Amino acid sequence: MTSDILDSIFESAMKSKIFVNREVLRPDYIPDDLPHREEQIIKLGSILAPALQKSRPSNVFIYGLTGTGKTAVTKYVLKKLLKKASEIGTDVIACYVNTRQDDTTYRVLVRVGECLGLKIPFTGLSTAEVYRRVMRALDSLSIVMIVVLDEIDFLIKKRGDELLYRLTRANEELTRSKISVIGITNDIKLVESLDPRVKSSLGEVEMVFPPYNAVQLEDILWQRAKIAFRSEAIDEGVISLCAALAAREHGDARRALDLLRVAGEIAERENSDKIMIEHVYKARSEIEKDRVFEIVSTLPLHSKLILLSILKLNMEKKTPPTTGEVYALYKEFCKYLKIESVTQRRTSDVISELDMLGIVSARIVSRGRYGKTRIIRLSIPPNVLEGALGEEPRLEFLLKVFRP
DNA sequence: CGTCCACAGGAATGACGGGCGG
DNA sequence: CCGCCCGTCATTCCTGTGGACG
């Protein structure tokens with residue numbers, strides 16, 4: 001019976017030999033203590049402190065690579081600030097918006113409105129009307145509002161910086177309330193593309209979050225592991241291996257925690273009493289496999305074909321191929337499938353895209369008399385890529401049989 | 001020392017499909 | 001509900017370029 005099977009799954013989940021509390025390893029969990037971010041916490045705290053005296057804190061622009069604690073520090077400081085504010089009876093409202101999820105001006109404004117207790121229909125009003133309602137509500141409350149726009153690059157890439165401009169200038173139309181904006185991004189180049197007026201108002205204060213090193217990552221992992229796992233469930237060296245692997249990948253704490261969590265899940269699946277070194281290595285390849293599947297499956301057909309061409313040429317030649325060679329083989333594939341091929345210009349862009357996704361690495365080389373081109377290598381194991389490309393039915397035959 | 005290869009990659013433009021806003 | 005606008009994928013045309021070869 002299905003329900004019996006489910007029961008036994010739930011049973012065994014409850015008496016896990018490994019986990020006590022796996023929540024604390026999830027990426028959105030904010031611990032009570034954030035090791036090695038004291039400096040940033042103090043700085044952000046002192047920037048926002050004026051809100052307690054009903055003055056407007058400076059706008060802040062925060063940048064740093066993924067998994068460097070930007071979101072965690074911001075949420076942490078805001079939580080403390082709000083607590084303090086309610087203790088002393090000052091009205092401070094914070095509004096956190098992730099613009100990866102809410103990536104239109106309208107949806108961001110709806111979120112801000114919600115924080116003010118406004119009920120705004122998710123569609124039907126004009127953006128200008130929502131903006132007007134939000135501003136009126138805000139001003140009638142006579143408060144300091146802090147708006148956090150996380151992963152702000154998504155909003156800017158889709159909608160430009162108009163909303164940012166309006167928000168940072170909103171104080172001019174407010175008489176009783178004040179608003180300040182915290183923008184968070186991991187794309188440093190993005191700052192350059194902003195309208196200078198936005199750049200100067202949003203960047204009143206800038207904060208940079210440096211990557212964690214292996215030692216710091218280890219501290220972070222220990223702190224969580226103590227809560228997440230049974231005390232005997234971690235074998236020697238597991239934590240430092242997770243830290244070392246993640247430190248190699250630009251000190252990404254999220255990656256480190258993912259490794260540890262997945263290693264724990266694998267250990268549990270294998271009914272092991274402990275998480276061991278080998279589980280961490282398995283976790284690493286499982287995470288990578290998932291990532292590659294995720295990326296490759298959403299690629300358009302032509303990108304897949306170009307990727308297949310790169311895969312074949314990397315496997316069957318001693319030297320990694322150039323753009324021209326990849327394009328030639330790709331055209332063969334298209335002829336075989338009786339579909340039209342894209343131009344070499346487009347192929348060049350596709351290769352850059354694959355490079356940015358971290359699937360291949362394309363290095364520009366000049367071979368003098370023999371021209372300037374890119375040397376394209378796979379940056380993931382061929383069998384993983386093979387598996388991911390095999391999901392696409394149209395490629396199956398080419399993958400198995402076709403020889404260049 | 002100039003050529004010229006084999007592309008890189010910018011700009012302008014177009015087809016197309018989906019969702020926003022009126 | 002419908003038109004319009006916007007993002008994505010793509011093309012065409014183009015200028016730029018590091019260095020081995022003659």
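Order of the sequence lines sets the chain letters (A, B, ...), proteins ahead of strands, with each chain counted from 1. Please read these numbers as outputs of a predicted model, since none were measured by experiment.
Side-chain rings of A/F229 and A/F19 approach one another, their centers coming within less than 6.0 Å.
For A/Y212, the ring pair (Phe, Tyr, Trp, His ring centres under 6.0 Å) criterion is met by no residue, not counting sequence neighbours.
Atoms CD (A/E340) and P (C/dA10) sit 12 Å apart, rounded to a whole Å. Atom CZ of A/R346 is separated from atom P of B/dG14 by 18 Å (rounded to the nearest Å). Whole-Å rounding puts the A/L301 CG to C/dA10 C1' distance at 14 Å. Between A/I375 atom CD1 and C/dG19 atom P there is a gap of 14 Å when expressed in whole angstrom units. Atom CD1 in A/I306 sits about 12 Å away from atom P in C/dC9, given to the nearest Å. Protein atom CG of A/L354 is 12 Å distant from nucleotide atom P of C/dC9, rounded to whole Å.
The listed nucleotides are C/dT11, C/dG19, C/dA10; the one nearest the side chain of A/S366 is C/dG19.
At most 12 non-hydrogen atoms from other residues, nucleotides or ligands lie less than 6.0 angstrom from CD of A/E39.
In this structure, A/R224 contributes its side chain and A/P31 its backbone to no donor-acceptor pair below 3.5 Å.
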Inset, instruction - Between protein and nucleotides 3-12 of chain B, map the contacts as a letter string: B base, S sugar-phosphate only, - none, heavy atoms under 4.0 Å, written 5' to 3'. - result: -SBBSSBB--
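Using a 4.0 Å heavy-atom distance criterion, A/S341 is classed as a sugar-phosphate-only contact.
Ionic pairing of A/D258 and A/R254 is not present here: no N-O contact between side-chain nitrogen and carboxylate oxygen is shorter than 4.0 angstrom.
Atom OG1 of A/T185 sits about 7.5 Å away from atom CD1 of A/I152, to the nearest 0.5 Å.
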